[in-house]
A.B. asks: 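Following this message is one structure expressed as structure tokens.
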Amino acid sequence: MDAFQELWEFEAPIEYHDFGRMGYAVVYMPEDIQVKMPFDQYPRIRVDAEVAEFPIDGAFQPGQGKYYLILSKRLLKQAGLVLGDTVNVNFRIADQNAVNLPDELDIALQGNPAAKTQWDTLTPGKQRGLAHRVSSARTTTTREKRVAEVLSTLLEDV
């Protein structure tokens, strides 16, 4: 079975990953799994995972010679987890090119052919970043404002 189809599983402590003035709660991928991952093809590997039986979408990213998965504050709170707890992690490698579009952004792109053409030239990573900008807004007003910002950004060079 290849790495893209296999279900991977490990236990690891939740650790603090220092990133300059910021830091994150993370789990590090064990070396024996890391060497089997296609990091030569994909520097960051997107995964569909469960951490302590809570589903998350994320990516294993390089840092300090290891690969880590960021655990959100929301996940930690929902699962009742803290730094130092050991958790079970299981994951499958996700479609590396998939982008989940918020409905508002999808509708706006479908209604604006010039913006859609520009959108289609972006890498999946840039598309995911813009989609996240919209989907992370808490209110409808902010989401609409961010959709307008994305469209404006896309149309700047047209």
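Because the structure is predicted, anything quoted here is derived from the model rather than measured.
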A.B. asks: Donor-acceptor pairs are to be reported for all side-chain atoms of residues 46-58 against protein atoms at under 3.5 Å, with residues two or more places apart or in another chain.
C.D. replies:
residue, atom, partner, partner atom, Å
Arg46, NH1, Asp95, O, 2.6

A.B. asks: Do you know which two heavy atoms are closest between Leu7 and Arg92, and how far apart they sit?
C.D. replies: N-NH1, 3.5 Å
A.B. asks: Any side-chain hydrogen bond (donor to acceptor under 3.5 Å, both in side chains) involving residues 66-83? Give me the pairs, sequence neighbours left out, ordered by first then second residue.
C.D. replies: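 The answer is none; no pair qualifies.
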A.B. asks: How close do Leu105 and Ala131 get, counting heavy atoms only, and between which atoms?
C.D. replies: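 Shortest heavy-atom separation between Leu105 and Ala131 comes out as CD2-CA, 4.0 Å.
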A.B. asks: State, with a plain yes or no, whether a side-chain heavy atom of Asn112 is found less than 4.5 Å away from one of Leu155.
C.D. replies: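 Contact flag for Asn112/Leu155 side chains = yes.
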A.B. asks: Roughly how far, to the nearest 0.5 Å, is the CG atom of Leu81 from the CD1 atom of Ile14?
C.D. replies: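 Reported value, rounded in 0.5 Å steps: 4.5 Å.
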A.B. asks: CD1 of Ile93 to CH2 of Trp8: how many Å apart, nearest 0.5 Å?
C.D. replies: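 Ile93 CD1 to Trp8 CH2: 7.0 Å, rounded to 0.5 Å.
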A.B. asks: Tyr16 and Met29: same hydrophobic cluster, using ILVMFWY side-chain contacts below 4.5 Å?
C.D. replies: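 In one cluster with Tyr16: Met29, yes.
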A.B. asks: Between Ser135 and Arg143, is a side-chain hydrogen bond (donor to acceptor under 3.5 Å, both in side chains) present by the stated rule, with each step listed?
C.D. replies: CA-CA 7 Å; Ser135 66; Arg143 287 170 75 97; 5.7 Å; no
A.B. asks: Under a single-linkage definition using a 4.5 Å side-chain heavy-atom cutoff for Ile, Leu, Val, Met, Phe, Trp and Tyr, are Val82 and Val87 assigned to the same hydrophobic cluster?
C.D. replies: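 No, no single cluster joins them.
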A.B. asks: In Å and rounded to the nearest 0.5 Å, what is the CZ to CD distance from Arg44 to Gln61?
C.D. replies: 5.5 Å
A.B. asks: Taking side chain to side chain contact (heavy atoms under 4.5 Å, CB included) as the test, write out the residues that go with Thr117, two or more places apart.
C.D. replies: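 Once residues adjacent in sequence are excluded, Thr117 has no partner under the side chain to side chain contact (heavy atoms under 4.5 Å, CB included) criterion.
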A.B. asks: Would a single hydrophobic cluster contain both Ile107 and Val134, if residues Ile, Leu, Val, Met, Phe, Trp and Tyr are joined by side-chain heavy-atom contacts under 4.5 Å?
C.D. replies: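 Per the 4.5 Å side-chain linkage, Val134 and Ile107 are not co-clustered.
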A.B. asks: Which residues pass the salt bridge (charged side-chain N to carboxylate O under 4.0 Å, His left out) test with Lys145, not counting sequence neighbours?
C.D. replies: none
A.B. asks: Enumerate the side-chain hydrogen bond (donor to acceptor under 3.5 Å, both in side chains) contacts for residues 17-26, please, sequence neighbours excluded, ordered by first and then second residue.
C.D. replies: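 Residue pairs with at least one partner in residues 17-26: His17-Tyr28.
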A.B. asks: Run the side-chain hydrogen bond (donor to acceptor under 3.5 Å, both in side chains) test against Thr140 and tell me which residues pass, sequence neighbours left out.
C.D. replies: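 By the side-chain hydrogen bond (donor to acceptor under 3.5 Å, both in side chains) rule, Thr140 matches no residue at all.
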A.B. asks: Side-chain heavy atoms under 4.5 angstrom apart, residues restricted to Ile, Leu, Val, Met, Phe, Trp, Tyr: same cluster for Val35 and Phe10?
C.D. replies: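 Different clusters: Val35 never reaches Phe10 through Ile, Leu, Val, Met, Phe, Trp or Tyr contacts under 4.5 Å.
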A.B. asks: For a 4.5 angstrom cut-off between non-hydrogen side-chain atoms, does Val27 reach Pro13?
C.D. replies: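 No; the side chains remain at least 4.5 Å from each other.
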A.B. asks: Give, for atom CG of Asp106 and atom CG of Asn100, the distance between the pair rounded to the nearest 0.5 Å.
C.D. replies: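 One finds 11.0 Å between CG of Asp106 and CG of Asn100.
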A.B. asks: Aromatic contact between Phe60 and Phe91, with the criterion being ring centroids under 6.0 Å apart: yes or no?
C.D. replies: yes
A.B. asks: By side-chain hydrogen bond (donor to acceptor under 3.5 Å, both in side chains), which residues pair with Asp85, not counting sequence neighbours?
C.D. replies: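 For Asp85 there are no side-chain hydrogen bond (donor to acceptor under 3.5 Å, both in side chains) partners, ignoring immediate neighbours.
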A.B. asks: Checking the side chain of Ser152 only, and the main-chain atoms of Ala148 only, is there a donor and an acceptor separated by less than 3.5 Å?
C.D. replies: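 Between the backbone of Ala148 and the side chain of Ser152 there is no qualifying donor-acceptor contact (under 3.5 Å).
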A.B. asks: Measure across Leu154 and Ala115 and return the closest heavy-atom pair with its distance rounded to 0.1 Å.
C.D. replies: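 Taking every non-hydrogen atom into account, CD1-O, 3.7 Å.
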A.B. asks: Not counting sequence neighbours, which residues clear side-chain hydrogen bond (donor to acceptor under 3.5 Å, both in side chains) with Asn88? List them please.
C.D. replies: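 So Asn88 forms a side-chain hydrogen bond (donor to acceptor under 3.5 Å, both in side chains) with Glu9.
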A.B. asks: Check side-chain hydrogen bond (donor to acceptor under 3.5 Å, both in side chains) between Gln34 and all other residues, then give those that pass, not counting sequence neighbours.
C.D. replies: none
A.B. asks: Using side chain to side chain contact (heavy atoms under 4.5 Å, CB included), reason through Thr139 and Thr142 one step at a time and then give a plain yes or no.
C.D. replies: CA-CA 5 Å; Thr139 67; Thr142 304; 2.8 Å; yes
A.B. asks: Report the distance from atom CG of Leu151 to atom CD of Glu156, rounding to the nearest 0.5 Å.
C.D. replies: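 Atom-to-atom, Leu151:CG and Glu156:CD are 11.5 Å apart.
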A.B. asks: Please list, one pair per line, the donor and acceptor atoms closer than 3.5 Å that link side chains of residues 119-128 to other protein atoms, with sequence neighbours excluded.
C.D. replies:
residue, atom, partner, partner atom, Å
Asp120, OD1, Lys116, NZ, 2.8
Asp120, OD2, Lys116, NZ, 3.4
Thr121, OG1, Gln118, O, 2.6
Thr123, OG1, Lys126, N, 3.2
Gln127, NE2, Trp119, O, 2.8
Arg128, NH1, Gln96, O, 3.3
Arg128, NH1, Ala98, O, 2.9

A.B. asks: Go through the structure and list residues passing salt bridge (charged side-chain N to carboxylate O under 4.0 Å, His left out) with Glu149, not counting sequence neighbours.
C.D. replies: Arg133
A.B. asks: Could you state the interatomic distance from CG (Leu109) to CG (Leu130), rounded to the nearest 0.5 Å?
C.D. replies: 9.5 Å
